[in-house]
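Reading through the structure tokens given below for one structure.
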Amino acid sequence: MSAAGADPTEITALLRAVGQGDRSALDRLFEQVYGELRRIARRQLRTALPAATLDTTALVHEAYLKLSGGGPWSTRDRSHFYALTAQAMRRVLIDHARRRTRQKRGGRMVALALDDLDLPVIERGEELIALDQALARLEAVDPELASLVEWRFFAGLSVEEIAELREVSDRTVKRHWRLARAFLFREMAAQGWSA
Amino acid sequence: MTTLPPERFRAARAVFEELVELDPEARRARLDQIARGDAELARAVDALLEADAGASGFLDAPAGVAARALVADWLGGELDAPGTVVGAYRLVGLLGRGGMGEVWEAERADGQFEQRVALKLLKRGMDSEEVLARFLRERQILARLTHPGIARLLDGGMSADGRPYFVLEKVDGLPLTEHARRAGLPLEGRIRLVLAACDAVDSAHRQLVVHRDLKPSNILVTGAGEVKLLDFGIAKLLGEGDGGAHATALGLRALTPAYAAPEQILGEPVTTATDVYALGIVLYELLTGRLPHQRPTSSLAALVAEVEHESAPRLASAVRQLDGEELTRLGFPERAGRRLARSLRGDLETILARALERAPERRYASARELADDLARHLDGRPVRARPQSSWYRATRFAKRHRLAVASAALVLVSLVGGLSAALWQARRAEAAARESAANAHRAEHTKEFLISLFSVADPLQSGGETVTARQLLEQGAKRLESELAAEPGLRADLLEAVGRIEASLGLLDAAERSTTLALELRAGAGAAERASAEATLGAIHIQRGDLASAAQLLERALAALEASGAEPLTLARVRSDVGQVKFWNKEVVAAEALERSVYETYRAQLGEEHIETALHLRNLGVLLDDLGRLDEAEAAYRRSREILVKSLGENHPHLGQSDLSMAALQNKQGRFEEAEANFRRALENRRRTLGDHHFQTGQTLQNFAHFLVLRGRFDEAERTGREALEIFRAANPKHFEVGKCLNGLGQVAARRGDPAGAERLYREAIANFEESLGRRHPFYWWTTGNLSKVIAAQGRLAEAEALQREALRELESISGVESEDAQWVHEMLADTLRLAGRAAEADSAAARAREISEKLRDHA
């Protein structure tokens, strides 16, 4: 894959292969999406001054446009793609949270002295990791709900977008969202996190 | 939620979806209906519905917003560069960078003032509404605060690219702990630093500002010695709601675990007492170089669990553990330890206990009150804080240190030795003689034999060497065979007496042989006849560490003696041994009650000023000492010594033992200079009355060596320990005292940072214990525990873990699943697992240790 990004034709082919249950295609596709997300995110934050926050929604849509080459995909392909993108987004954030949390552990005193000007020591990195673990438990009992959380929270897709992609009503998405959220909330609370 | 299996979750999901849009009454009715058929399902759905009610707002912001600090950091949000002009200032160098802001050293761009300032600037990409609000809030709070002890707000504005900033007085200083260390500040100087910090915090409190994040890196001391508070970034205005200003994205709390008050960690309301707690921790750290609590930083969950189990920190004992090196590192003179610990006892300890109370309402209400008491202490006026009972309960729960296999307590509690056994034996014979004229002959013989034997053999009387005593005993045993073969009853009496003496010399195999033989000779006799030999055998089993069989023998003997109406002193003697078993089984309260009744019996029978009464009073002192009733223990030791001196003069081995007991007590109280003087006096007594090579001289040396280890005087400790070792080896290379010495020397090596050397010594000690005491004795496993630590220190974690798991199993079976021993091993195991990066297992081992500790404390 070139630095400039992925070839849309290849992506489409990969997506089809994934649709037919090809595991290795899934891995390759995931790598492509992951790399693309990072590139877009970096650019987004660097150019938009003074930037707001990381706009994951825009990011995911941009990745879609870029990777699909603007060509028309079926709803099914798009749905696959967004699922993958949301997963990649989750991985991007969690990987970083883990790295940061590890860095903190070594040489605690020094890290604290420099780093706690503003940020509390118990910080988002650890919260995110706990959320990721709770999500893994949800995945084990209900993969569909777990993927909804990836779409909504990690990719930042709206209820309407999700309803359209999943071909269900907004109300159904909302109901599912409430259940997924209640599940995660309980799991986090059981781990001692308070909301 | 114990997670349901997928098919059950699907069922719950269906019901949840059905109910979530209904009103509460309809939900309740439907749930009740479901509960009748499937209660578990109804419970699961109910729990989810409840969570749904509490979860509004949870995960509403997408990850990119919620985790923006993280993301910005990951993407390396652009740094400003030196030279950039912000308002009227030019950035010179970056002082620090947090998740949302940067602090720069800056100067006036127009060159109007030379003075450098600190400029806090919002990081690029961070100007969301919430962050802006928080930033401005800090500025607003700082504007309220004008106190020489708080870094002053000078200016503020908006940068060219639209980011807010504010300008503060730049403080060139060191964290107060670091300042104290470098300046080598004495105790008073350290307290004065905290006083100054209290003053600044109090001025903030009077402006209704709570800092909430006091810690050494936020309390600097300038070159001129002024204390300055920094960073009101998460400060709170009292009277306002807790607000979102310090909450994290998913709604969590911001804090620095090591310094946070329990209410901050547990999410309870924050008050001025919250800052008092942090100041208390800072004071503790200044005085000891340590933090009072080991708090995990892995997750809030772990932190909450830890805080809920924390006990009051103990200042004096923390200081007592400091060795010369640590004292030097703290900036105290190397030899200041003893004096220091003494000055920390009492008032300072009470003040800290008050500042660090778990419940905010029991703390000083403000920094002012804390400052007042510290000032009173410095002026020598009585402080306002009173000791809290919980505090004292906690200190009383003095943990017996496993490194202290060689500790004084072991010697102290080996109750009255050879001499009194002999007397007891003779008295028993006299009593028998009174009962029956036919026994007169036997009694006469017993006494004669004992006198001939013990006048030379008993080290307490002869001052002779143990080797000689052993030879005499061997001769005595031969004489018993040849001279008394025709009189089995008498021979049994004498064998018993010999067994006692052998036991007091640590010749446990011989002692057990003699006593068992005595019992065999009495095979046909009644329970009462056998009781005394059984009691003797029980006493031997105590020394072997076989407490279960000792308890069985002693209690059977005691029952038989009670039933046969034995004389009070005989009963008292056995009770005293039963008490000793209880002591070892950590039933110290029961042991104390028993020994007290023993003492009362002796006092009634022999008079208060009798030597044996005094010796039992001393034993009572040992138990009181162990119970933490130190004042009573001290009184018992003093009275006992007084009586002994009157009857025996200073030149008697008993006095050496008295001095040793007192030394151990004073060591515990932190009166190190007095303790050392008493150790030296005991040693001198031993050398004078028993000789340089006597067994008990060795024991005294060993106790003194242990004391020196704890004081960090490793060279002296090693020299002293080696001398003891040579004495024991010469007397009997297989004696368990040899093992204890080796363990002690291992400890010296370990503390010196020589784990490989320590490992060799511990292994030698273990080999000795295996032979001398057997693998059922706690010493074997305590030393194994010590070994595992130095193995872990050499990075052989798997090996250390295996040893710890084995030690745990064995100690659980010897001392109980919920014993101090088990707690100790769980703690070690947690350390090893943590080193191995197995954090979850480490946490659970640590939690288990805590749980046991709690239970033990509840029972204490």
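Note on naming: letters A, B, ... go to the chains in the order of the sequence lines (proteins, then strands), and numbering restarts at 1 for each one.
The two atoms that bring Ala182(A) and Ala51(B) nearest to each other are O-CB, 3.5 Å, heavy atoms only. In terms of heavy-atom proximity, Leu4(B) sits nearest to Val141(A) at O-CG1, 3.0 Å.
Within the model, atoms CG of Leu179(A) and CZ of Phe16(B) stand 5.0 Å from one another, a figure rounded to the nearest 0.5 Å. Here Glu21(B) contributes atom CD and Arg178(A) contributes atom CZ; the two are 7.0 Å apart, rounded to the nearest 0.5 Å. Within the model, atoms CZ of Phe154(A) and CG of Leu59(B) stand 8.5 Å from one another, a figure rounded to the nearest 0.5 Å.
Contacts of Arg13(B) with chain A are made by both backbone and side-chain atoms, with heavy-atom separations under 4.5 Å. Heavy atoms closer than 4.5 Å to chain B are found in both the backbone and the side chain of Leu184(A). Contact annotation for Glu139(A): neither backbone nor side-chain heavy atoms come within less than 4.5 Å of a heavy atom of chain B.
Counting heavy atoms from C-beta on, the side chains of Glu50(B) and Arg186(A) never come closer than 4.5 Å.
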